[in-house]
Amino acid sequence: MSAGKRALMLVVPLIAFAIGGGFYVPQAGMDGNRSGSELPLASLPTLPDWANDGLPDFSSFQDTTEKKAAFFSFLYPRIVLANSRILIERDYLDSLAGKPSLSDDEQQWLAAQADRLRVEAKTGSDEQFELLRKRLDVIPPSLILAQAANESAWGTSRFATKGYNLFGQWCFSKGCGLVPRGRVEGANHEVAKFSSPYRSVRAYIQNLNRHPTYQALRDIRLEDRRADDPLSGLEMAQGLLGYSERGEDYIEEIRSMIHYNNLSFYDNDFREVIRDLTPDRLQQLASANPETALLPGQKTQNSGPTEG
């Protein structure tokens, strides 16, 4: 595909959508590590400074096409950053699975990951490794982009601009977020606040990776892994039945957004970016600077095991 055609796919939407804030099903215990923050790991490089940047003013765009292009260009590098760092954790998990015995530190890391991802199994057991490998995995960029656009009204909602919350995630302790207007009397949920949009992306990925509601999504991903098929946001969207009270209509809307905004292009680009990566280059990807180095078509001189 020519560079011109790729660029066109980035900026030309085939259809415009009226974006509504999808209803997010409340989650018990959401406050526990709801930021999706990483566990300490020597092989994880320091996050680049731009991961702490705030949200641009997307409401300043008068042209819908330009707003969409700017939104995707801002969010995609943060998705690549989050996913690549998960791949480093996943590689470390695989390295532990192949060891005849585990140190105390290695067992503690496994136990902490199991707690974070809600895996109940004996530390170091085959069952634990199998369950963690199913949950410690990437989410296709197309799905993240579509849901972020839908839930945040293309980065212009109150929750996005005031709390950097792009996915409508809830929390349940007073002061943990923003109180929704029109909240039912007696309800105690708030819409979570994050320190940056990147943290919102990490928390969203963690949520899909650990909550029982999204087991179907993880099952679809696992089937693709076993068949050595590429991960597809269009396909995995079927596992979002519990994300919105609108059910199948919500899934169809997300799929339509992926299709008409050509978001599968980002899935393809991400597959190319991480294809045949060495550990050193994967670390470079997980700490890339500037963020434009992670935009489509860059390949950032990085190439590791094909992970979706």
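Residues take their numbers from the sequence shown, with the count starting at 1. No hydrogens, no waters, no symmetry mates; every other heavy atom, side chains included, goes into these values.
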Mind checking what makes salt bridge (Lys or Arg N to Asp or Glu O under 4.0 Å) contact with [X], not counting sequence neighbours?
| X | answer |
| --- | --- |
| Glu130 | none |
| Lys99 | Glu106 |
| Lys67 | none |
| Asp115 | none |

### Message
Give me each pair satisfying side-chain hydrogen bond (donor to acceptor under 3.5 Å, both in side chains) with a member in residues 287-296, each pair once, sequence neighbours excluded.
### Response
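Listed by first then second residue: Arg78-Glu291.
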
### Query
Is the CG atom of Asp126 crowded by more than 12 outside heavy atoms at less than 6.0 Å?
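No - once you tally the heavy atoms of other residues, nucleotides and ligands closer than 6.0 Å, there are 12 at most.
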
#### Entry: Gln107, CD: over 12 other non-hydrogen atoms inside 6.0 angstrom
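More than 12 within 6.0 Å, yes.
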
Qualifying residues under side chain to side chain donor-acceptor pair (under 3.5 Å), relative to [X], sequence neighbours excluded:
| X | result |
| --- | --- |
| Asp219 | Lys134 |
| Arg135 | none |
| Tyr76 | Asp269 |

### Task
Kindly work out whether a path of hydrophobic side-chain contacts (I/L/V/M/F/W/Y, heavy atoms less than 4.5 Å apart) joins Ile205 to Leu222.
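Result: no, two separate clusters.
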
Say whether [X] and [Y], considering side chains only, have a donor N or O and an acceptor N or O under 3.5 Å apart.
| X | Y | answer |
| --- | --- | --- |
| Gln147 | Tyr204 | yes |
| Asn165 | Lys193 | no |
| Ser103 | Asp105 | no |
| Ser142 | Asp267 | yes |

Contact summary for [X] and [Y], nearest pair of heavy atoms:
| X | Y | result |
| --- | --- | --- |
| Ser200 | Gln169 | O-NE2, 3.6 Å |
| Gly233 | Pro140 | N-CB, 3.5 Å |
| Ile88 | Ala286 | CD1-CB, 3.6 Å |
| Gly155 | Thr161 | O-CG2, 3.8 Å |
| Tyr266 | Pro296 | CE2-CG, 3.6 Å |

Using the ring pair (Phe, Tyr, Trp, His ring centres under 6.0 Å) criterion, which residues pair with [X]? Sequence neighbours excluded.
| X | value |
| --- | --- |
| Tyr92 | Trp109 |
| Phe61 | none |
| Tyr198 | none |
| Trp50 | none |

### Task
State whether the side chain of Ser157 and the backbone N or O of Ala153 hold a donor-acceptor pair below 3.5 Å, judged by distance alone.
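It does not hold such a pair.
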
### Query
So, Gln206 side chain and Leu117 main chain: donor-acceptor pair closer than 3.5 Å or not?
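No: the side chain of Gln206 does not pair with the backbone of Leu117.
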
### Query
Are side-chain heavy atoms of Phe167 and Asn207 found at a separation under 4.5 Å?
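Not touching, per the 4.5 Å side-chain cut-off.
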
### Query
Should Phe72 and Asn261 count as side-chain neighbours, where that means a heavy-atom distance under 4.5 Å?
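They are in side-chain contact.
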
Hey, is [X] close enough to [Y] for a salt bridge, meaning N to O under 4.0 Å?
| X | Y | answer |
| --- | --- | --- |
| Glu38 | Arg85 | yes |
| Glu235 | Arg221 | no |
| Glu223 | Arg226 | no |
| Asp137 | Arg218 | no |

#### Entry: Output field: ring centroids Trp154/Phe71 closer than 6.0 Å
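Aromatic pair counts; centres sit under 6.0 Å.
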
### Intermediate values then yes/no, side chain to side chain donor-acceptor pair (under 3.5 Å), Gln113 and Arg116
CA-CA 5 Å; Gln113 281 288 8; Arg116 183 174 74 88; 2.9 Å; yes

